[in-house]
2 protein chains.
Amino acid sequence: MLSDVMEDYLKSIYALQQEDGGPVATSAIAEYLEVTSPTVTSMVEKLEDRGLVEREKYKGVELTQEGETVALEVLRHHRLLESYLTEHLDYSWSEVHEEADTLEHHISEEFERRVAEVLDDPTVDPHGDPIPSADLTPPEDDTTTPLSDHDAGDLLVVSRVSDRDEEELRYLADAGIAPGTRLEVADVAPFGMVTVRFADDGERDQSLPENVARSIRVRPADDDSDPDSDSESDGGDGEGNSEEIEA
Amino acid sequence: MLSDVMEDYLKSIYALQQEDGGPVATSAIAEYLEVTSPTVTSMVEKLEDRGLVEREKYKGVELTQEGETVALEVLRHHRLLESYLTEHLDYSWSEVHEEADTLEHHISEEFERRVAEVLDDPTVDPHGDPIPSADLTPPEDDTTTPLSDHDAGDLLVVSRVSDRDEEELRYLADAGIAPGTRLEVADVAPFGMVTVRFADDGERDQSLPENVARSIRVRPADDDSDPDSDSESDGGDGEGNSEEIEA
DNA sequence: TATAAGTTTTAGACGCGGCTAAATCCGGTA
DNA sequence: TACCGGATTTAGCCGCGTCTAAAACTTATA
Ligand SMILES: [Mn+2]
Ligand SMILES: [Mn+2]
Ligand SMILES: [Mn+2]
Ligand SMILES: [Mn+2]
């Protein structure tokens with residue numbers, strides 16, 4: 001059995017690996033989990049003993065196949081829980097992460113199955129993040145790009161937002177930005193400030209600080225041109241459960 | 001903050017105090033939690049330091065006001081969860097206890113509130129156990145009696161069944177015995193074997209071993225004589241969510 | 001009332017997951 | 001190529017929750 005702490009390390013390493021590709025530095029994990037470097041060193045040694053990570057001293061750490069599977073399992077729990085809390089217990093977008101972050105370690109496989117069933121096997125969570133499938137096969141690579149990488153004139157659909165900052169999520173809900181929202185980049189100002197125009201509401205512009213623009217991930221709007229199903233515009237109460245993501 | 005282990009100790013002490021009245025012995029807690037006596041001793045010392053129990057060395061331990069409140073809080077979580085899992089996630093009677101026993105320590109107050117709300121503030125869990133109110137005032141004393149204490153001819157309503165033995169719960173579900181079931185004691189045989197007749201089905205008798213009869217708690221059937229609302233007789237699939245309990 | 005049996009506590013250990021301080025390594029710069 | 005600064009690991013500590021073995025206490029019995 002793995003402790004919830006070990007699960008958190010594996011989840012973190014997975015997330016950091018997704019971000020940057022290669023091996024993950026001790027200090028990166030330490031920062032992510034808010035612990036000290038020696039703590040990380042001793043933990044990754046333990047994970048290495050259990051065959052969950054591969055490690056080269058002074059270099060960095062990578063998940064093994066088995067370690068990745070555990071990470072995906074925990075991620076599946078997390079994202080199913082977020083979806084469930086949003087849809088069945090009236091949680092808002094910004095509240096779910098913290099609750100799911102604890103519960104993900106404590107639900108049974110039975111619970112996971114039943115939640116997936118009543119949600120009808122969702123593939124995306126409320127923040128647009130893909131939910132690993134029940135068989136825990138690695139999802140294909142993320143093809144979305146940060147909003148901050150785009151230029152004036154680009155037509156985009158919001159694909160994912162970071163779920164780790166509650167403050168920021170409230171801000172986005174307020175601004176009416178959620179997975180599925182169609183935007184045009186109106187302007188990119190110094191210091192990375194991005195101004196976007198809402199495709200569904202030509203009236204309205206919204207300026208976003210660089211750090212926010214960096215955490216919003218988008219894909220091009222051009223391809224699947226039909227404005228599709230439930231275009232529940234916005235409304236004060238940032239709900240808005242997303243559409244498909246696949247490119 | 002209290003650890004989940006501390007919460008379990010407080011919950012155990014509460015349960016044992018309910019059973020027997022007075023101070024609770026180290027060995028009783030040890031047996032209940034399946035740990036050794038020295039482990040219990042060191043834990044209750046810690047709980048004493050935190051003002052959650054009172055203790056007299058070599059004598060026993062009792063909950064303080066504060067300790068009782070914590071126990072009731074955990075019990076509320078447990079029983080709300082059992083109710084929720086039964087009603088909204090299609091768990092059966094016999095499956096809920098284990099899941100709730102873990103989750104009770106890991107849900108937030110917000111989660112508790114929302115679950116209570118969608119369940120419309122239930123007062124009894126699927127096993128007939130009273131759910132402590134949100135303000136955590138101590139519930140009045142249990143006036144039910146074990147089925148095993150009764151004699152042939154007694155007319156009874158099942159009030160509570162023990163939730164800790166999954167095996168036994170499956171057995172009872174199978175037999176069609178649940179909170180709310182009306183029974184007449186047909187016979188008490190040697191070794192405490194009790195045979196009951198179903199009030200709603202004069203045809204059918206059921207013999208129950210002493211240990212099972214002891215864990216079924218009942219109250220007299222005579223007083224509120226109207227056969228009342230949803231008398232969903234039985235059916236193979238032990239669901240049957242109970243009625244009121246108050247005497 | 002002395003003693004034996006059973007319970008409880010004390011003593012000492014261990015793995016976990018954290019920390020700080022000190023030693024070591026690595027990569028870049030002079 | 002020698003050195004320096006930063007990252008990493010080593011060393012050693014702590015509190016938690018558990019254990020076993022041994023000592024101390026309580027209670028029942030002779
Ligand atoms: Mn799972
Ligand atoms: Mn999410
Ligand atoms: Mn609570
Ligand atoms: Mn119960």
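Order of the sequence lines sets the chain letters (A, B, ...), proteins ahead of strands, with each chain counted from 1.
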Less than 4.5 Å apart, any side-chain heavy atom of B:Tyr14 and any of B:Leu10? no

Within-4.5 Å side-chain heavy-atom neighbours: A:Ile13 and A:Tyr32: no

Examine the side chains of A:His106 and B:His105 and answer whether a donor and an acceptor come within less than 3.5 Å of each other. no

Looking only at side chains, do A:Thr144 and A:Arg217 share a donor and an acceptor under 3.5 Å apart? yes

Give the rounded distance in Å between these two atoms: CD of B:Glu7 and P of D:dG17. 11 Å

B:Asp49 has an atom CG; how far is it from atom P of D:dG15, in whole Å? 13 Å

Looking at A:Glu98, I'd like to know if its CD atom is crowded, meaning that more than 12 non-hydrogen atoms belonging to other residues, nucleotides or ligands lie closer than 6.0 Å. no

A:His97 and A:His127 aromatic centres sub-6.0 Å: no

Mind checking the CD-CZ spacing from A:Glu110 to A:Arg113? Nearest 0.5 Å is all I need. 4.5 Å

Can you tell me how far CD of A:Gln18 sits from CG of A:Asp142, rounded to the nearest 0.5 angstrom? 7.5 Å

Which parts of nucleotides 5-18 of chain C does protein reach within less than 4.0 Å, heavy atoms only, written one letter per nucleotide 5' to 3' as B for base, S for sugar-phosphate only and - for none? ---BBB-----SSS

With each end axis built from five pairs of C1' atoms, what bend angle do you get for the helix from C:dT1-D:dA30 to C:dA30-D:dT1? Round to 10°. 30°

